Amino acid sequence: MENTIRVQTHETWVELTLNRPDRLNSFTDAMHLLLRDAISEAEKNGARAILLTGAGRGFCAGQDLGDRDPSKMDGPPNLGRTLAEFYNPLVRQIRALNIPVVCAVNGVAAGAGANLALACDIVLAGESAKFIQSFAKVGLIPDAGGSWMLTRLLGEARAKALALTAEPLGAQKAADWGLIWKAVPDDALMEEARALASRLSVGPTVGLGQTKQLIQAAGGEPLDTHLEREAAVQKLCGETPDYAEGVSAFLEKRAPVFTGKA
């Protein structure tokens, strides 16, 4: 089988690389399953952070349209099934992980590839990278959570304009608008992304994971409900060894050594 997902395991974190550079890392069905398996394996083996990136000159061009070409099929493809069986489970898996997921966007991130990046927790992009909601060019709607994430991150006006025009959005403007965390020089992208993944992977993992879940939930519930959720989660975090270690380290004026254990 083609090695379309490259896995590099570090002591406390895992780097996953989309590896179809000749096709701008566009997805096949098999590639989806391999990526989901790699994420599950990282979680099972105790990884405390994941870094996702792409091989070659781009991050991901979304779906390989050659696999969904109506002219080569008996009838129109069921794209709803494609989302239900492949993209939506992947987005849900990333969002449900109780560890940070960093995405390093090198080059183009188009279609579902752009929205896969936005499903991650912290997105860094090389200065030459571009985010393209290319769906309008083929008569589709932004999927893989795109219409939800664009609206949530940018507001209705900018979300509509990007989706309806399919105009590329450069990395620096994406950062200025709040779509991603930051744009960095191309030649520094992977060094900075790896350093960030490494730093997060030795942090207080329970607290980081719960922070991620709280922020993701915040937009969908009223303040009173969220305050109650915060109190319950803070009780859980306060009972972890990492909280005790963090307080001791602070009082003793030393660097903490977190284990990430509940």
Side-chain angles (χ1 to χ4, degrees), residues 7-16 35-53 88-105 115-124 145 148-149 151-153 175 178-182 192-262:
V7 179
Q8 185 174 0
T9 302
H10 302 268
E11 186 175 355
T12 50
W13 60 283
V14 172
E15 181 174 330
L16 303 178
L35 179 56
R36 283 159 54 188
D37 285 348
I39 293 172
S40 295
E41 192 71 13
E43 184 179 27
K44 184 179 74 173
N45 291 336
R48 293 164 62 187
I50 290 174
L51 171 60
L52 180 64
T53 191
N88 293 353
L90 177 58
V91 170
R92 290 188 179 109
Q93 182 182 29
I94 291 171
R95 302 277 291 184
L97 285 171
N98 284 319
I99 59 175
V101 181
V102 176
C103 184
V105 176
N115 298 331
L116 171 61
L118 299 181
C120 298
D121 302 311
I122 302 179
V123 184
L124 289 76
W148 187 88
M149 285 181 282
T151 307
R152 185 182 177 94
L153 294 170
L179 187 68
I180 64 171
W181 169 234
K182 66 167 71 172
E192 184 161 343
R194 288 170 180 144
L196 176 59
S198 179
R199 176 161 62 90
L200 291 170
S201 75
V202 294
T205 307
V206 174
L208 297 180
Q210 292 301 318
T211 297
K212 166 181 174 171
Q213 298 303 331
L214 280 166
I215 291 173
Q216 289 177 173
E221 58 190 18
L223 175 60
D224 284 346
T225 301
H226 200 74
L227 289 172
E228 292 174 4
R229 186 194 293 266
E230 283 183 343
V233 171
Q234 198 73 301
K235 177 181 182 298
L236 172 69
C237 292
E239 295 168 352
T240 63
D242 281 346
Y243 172 68
E245 167 63 9
V247 172
S248 295
F250 176 79
L251 295 175
E252 295 167 11
K253 296 180 171 57
R254 61 174 174 82
V257 180
F258 295 119
T259 64
K261 297 179 179 178

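The structure displayed is predicted, hence computed values, not measured ones.
- Crowding of Glu252 atom CD: a count of heavy atoms from other residues, nucleotides or ligands under 6.0 Å exceeding 12.
- Lys261 places no side-chain N or O within 3.5 Å of a backbone atom of Thr205 that could act as its donor or acceptor partner.
- Between Ile39 and Leu90 there is a side-chain heavy-atom pair separated by less than 4.5 Å.
- The side-chain contact (heavy atoms from CB on, under 4.5 Å) search around Ala104 returns Leu51, Thr53, Leu189, Met190, Ala193, not counting sequence neighbours.
- In this structure, the side chain of Ser248 engages the main chain of Ala244 through a donor-acceptor pair within 3.5 Å.
- With hydrogens and angles left out, the side-chain atoms of Glu15 and Thr9 include no donor and acceptor closer than 3.5 Å.
- In this model, no donor atom of one side chain and acceptor atom of the other lie less than 3.5 Å apart for Thr12 and Arg48.
- The shortest distance between side-chain heavy atoms of Arg36 and Pro89 falls below 4.5 Å.
- Nearest heavy atom pair, residue Trp13 against residue Ser201, reads CD1-OG, 3.5 Å.
- Between Ile50 and Ala42, the closest heavy-atom pair is CD1-CB, 4.1 Å.
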query = So Ser40 and Gln93, side chain to side chain donor-acceptor pair (under 3.5 Å) or not? Walk me through it.
reply = CA-CA 9 Å; Ser40 295; Gln93 182 182 29; 3.0 Å; yes
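- In terms of heavy-atom proximity, Leu16 sits nearest to Ala38 at CD2-CB, 3.9 Å.
- Contact of the Leu97 side chain with the Glu43 side chain is registered, since non-hydrogen atoms from C-beta on lie closer than 4.5 Å.
- Taking each heavy atom of Arg95 and Gln213 in turn, the nearest pair found is O-NE2, 3.1 Å.
- With sequence neighbours excluded, the residues forming a side-chain contact (heavy atoms from CB on, under 4.5 Å) with Gln234 are Cys237, listed by chain and number.
- Under a 4.0 Å N-O distance rule, the pair Glu245/Arg254 qualifies as a salt bridge.
- Using a 4.5 Å cut-off on side-chain heavy atoms (C-beta onward), Leu124 and Ile180 make no contact.
- Here the closest non-hydrogen pair linking Val91 and Ala119 is CG1-CB, 4.1 Å.
- Taking both residues in full, the closest heavy atoms of Ala117 and Val105 are given as CB-CG2, 3.9 Å, listed atom of the first, atom of the second, then distance.
- Enclosure of atom CH2 in Trp148 by more than 12 non-hydrogen atoms of other residues, nucleotides or ligands within 6.0 angstrom is indicated.
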